[in-house]
Participant: 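Quick one: the structure is below, questions incoming.
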Amino acid sequence: MRLLSLQVQDFRNLPTVQLAPSPHATIAVGQNGQGKTNLLEALYFLATLKPLRAGRLSELVRWGSQAARVTGRFLLKGAEREISVEVGGGTRQALVDGKKASSLEDYFGGVSVVAFTPDDLEVIKGGPDARRAFLDRAVFNRFPAFLKESREYARALKNRNRLLRDGASVDAAYLDAYDETLARAGARLYARRRALMAELAPRAQATFASIGRTADPALYGYHPAHLGADFAHADEASLATALREALSARLRRDLDRGFTSVGPHVDDVSVTLGGRSARAYASQGQQRALVLGWKIAEIENLEACMGFLPLLLLDDVSSELDPERNAYLMGYLARSGAQVFLTTTDAGLVRAAAASDTLWLTVHGGQVATEAPSQP
Ligand SMILES: Nc1ncnc2c1ncn2[C@@H]1O[C@H](COP(=O)(O)OP(=O)(O)OP(=O)(O)O)[C@@H](O)[C@H]1O
């Protein structure tokens, strides 16, 4: 997979951007608040249809404009295709080769992206929802059908919660039918997440061992609390049965609260260092290394299992990592041959690692120029 060209219009503070990225590294340099992250966000939005950080779609449209548009021309399995996304009036429209996409599968068709931003530290420091979102992004990259499957689960959950809020008037038989649907959809999500973690955790643990500078091993795990010891081997039908039982066991409580308290939507990923919670005990630098281990594992895993490297977006990562880990990351990226977009406020941090075919961009006040920053 390779991005051949990118066009951005009225996305955040970027009025117009048109560029042909390097097949390897494209490095955007600029002071704080100039639009570097916005450029990465435009790419992320194109590749996922999800904002990287905005809560609402309307935040993506340049102030004073009606709509934003991002278009990318990709080389995918030897064929070129163009995908575009338009946002306006709070909705988004996905286009393939200029026509409305017939389905999300048609739109994505092999485009995948892995982003690494300073906010990713939330995966260690933040709550379960941040880790779940992180896990699900990786699952979606690995198993594109997961997008549809997680939507089905979200729909079933919404319906059940609506019913629970009706409280005493709920017909038990009616609720049973909802539980059946929810348990089946939930079991699929468990199985997808479990499969991804089985591939990814050993790789992430190995990467951490080489960058963590500690004898303590890292462990990344996914094990929903109510699913018992045989979660690792249970088939999907057994997972659905277990979830159904958990839903029944908590029905009273759920009716009181008006929402469903068990299922993939409340799961967590555990990250431990030397057997202790990384959130409570790992240093800031170790936490960064734990996230870096995960990201590199994700890239390696996609290449091994899907046969292509994702597009990599690295936002201001060089200032987050110490020189040794930074050198490790740059070395890894150069060896991997991945197509990378990288932002930095200080070109000096990445100049030494930049190959001769690097495309340098200078970002200033939303204007993106294809020129190298001057050497100090
Ligand atoms: N919808 C929008 N319309 C216009 N400008 C916006 C919009 N959303 C954000 N901005 C502006 O974009 C700028 C921030 O850009 P961005 O986050 O890309 O900065 P950056 O270059 O990555 O900076 P840093 O190095 O601080 O992370 C801010 O000036 C902000 O006001």
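In each ligand, atom 1 is the first atom listed, and ligand 1 is the first ligand listed. The analysis underlying the following values was restricted to heavy atoms, covering all of them including side chains, and did not include hydrogens, waters or symmetry mates.
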Participant: Return the residue, atom name and 0.1 Å-rounded distance of the protein heavy atom closest to atom 27 (O) of ligand 1.
Facilitator: Thr37 OG1, 3.7 Å
Participant: Is there a polar contact between ligand 1 and Arg62, counting only N or O atoms under 3.5 Å apart?
Facilitator: no
Participant: Under 4.0 Å from a heavy atom of Gln34: give me the atoms of ligand 1 that qualify, with their elements.
Facilitator: 19 (O), 20 (P), 21 (O)
Participant: Have a look at Leu313 and tell me which of Thr37, Thr343, Val340, Leu40 forms a side-chain contact (heavy atoms from CB on, under 4.5 Å) with it.
Facilitator: Leu40
Participant: With heavy-atom distances below 4.5 Å as the criterion, would you say the side chains of Ile27 and Leu359 are in contact?
Facilitator: no
Participant: Work out which heavy atom in Gly293 is nearest to a heavy atom in Ile211; give both atom names and the distance.
Facilitator: N-CD1, 4.2 Å
Participant: Among Lys36, Glu59, His364, whose heavy atom sits nearest atom 21 (O) of ligand 1?
Facilitator: Lys36
Participant: Looking only at non-hydrogen atoms, find the nearest pair between Gly365 and Asn13 and report the distance.
Facilitator: C-ND2, 4.2 Å
Participant: Assess Val61 for proximity to ligand 1: is some non-hydrogen atom of it under 4.0 Å away?
Facilitator: yes
Participant: For atom 5 (N) of ligand 1, what's the nearest protein heavy atom and its distance?
Facilitator: Asn13 CB, 3.3 Å
Participant: Taking only heavy atoms of Asn38 into account, list the atoms of ligand 1 that are under 4.0 Å away from them.
Facilitator: 12 (O), 13 (C), 14 (C), 15 (O), 16 (P), 17 (O), 18 (O)
Participant: What is the closest protein heavy atom to atom 8 (N) of ligand 1, and at what distance does it sit?
Facilitator: Arg12 NH1, 3.2 Å
Participant: Of all the non-hydrogen atoms in the protein, which one sits nearest to atom 26 (O) of ligand 1, and at what distance?
Facilitator: Asn32 ND2, 3.1 Å
Participant: Under 3.5 Å, is there a donor-acceptor pair between the Ser103 and Asp106 side chains?
Facilitator: no
Participant: Which heavy atom of Asn326 sits nearest to which heavy atom of Leu321, and what is that distance?
Facilitator: N-CB, 4.0 Å
Participant: Using a 4.0 Å cutoff against the non-hydrogen atoms of Gly35, which atoms of ligand 1 qualify?
Facilitator: 15 (O), 16 (P), 18 (O), 19 (O), 20 (P), 21 (O)
Participant: Are Arg192 and Phe146 in a cation-pi contact, defined as NZ or CZ under 6.0 Å from the six-membered ring centre and within 45° of the axis?
Facilitator: no
Participant: Any N/O of Asp316 closer than 3.5 Å to an N/O of ligand 1?
Facilitator: no
Participant: Should the pair Tyr220 and Trp294 be assigned to parallel (<30°), tilted (30 to 60°) or perpendicular (>60°) ring geometry?
Facilitator: tilted
Participant: Take atom CD of Glu371 as the centre, draw a 6.0 Å sphere, and report whether it contains more than 12 heavy atoms from other residues, nucleotides or ligands.
Facilitator: yes
Participant: For the side-chain hydrogen bond (donor to acceptor under 3.5 Å, both in side chains) test, which of Arg250, Lys158, Arg160, His265 pairs with Thr260?
Facilitator: Arg160
Participant: Which residue holds the protein heavy atom closest to atom 3 (N) of ligand 1, what is that atom called, and what is the gap in Å?
Facilitator: Trp63 N, 3.0 Å
Participant: Does Glu41 approach ligand 1 within less than 4.0 angstrom via side chain, backbone, both or neither, non-hydrogen atoms only?
Facilitator: neither
Participant: Please could you name the atoms of ligand 1 that Gln31 approaches to less than 4.0 Å, counting only its heavy atoms?
Facilitator: 21 (O)
Participant: What protein heavy atom sits nearest atom 29 (O) of ligand 1, and how far away is it?
Facilitator: Gly33 O, 3.4 Å
Participant: If you measure every N or O of Arg53 against every N or O of ligand 1, does any of those distances drop under 3.5 Å?
Facilitator: yes
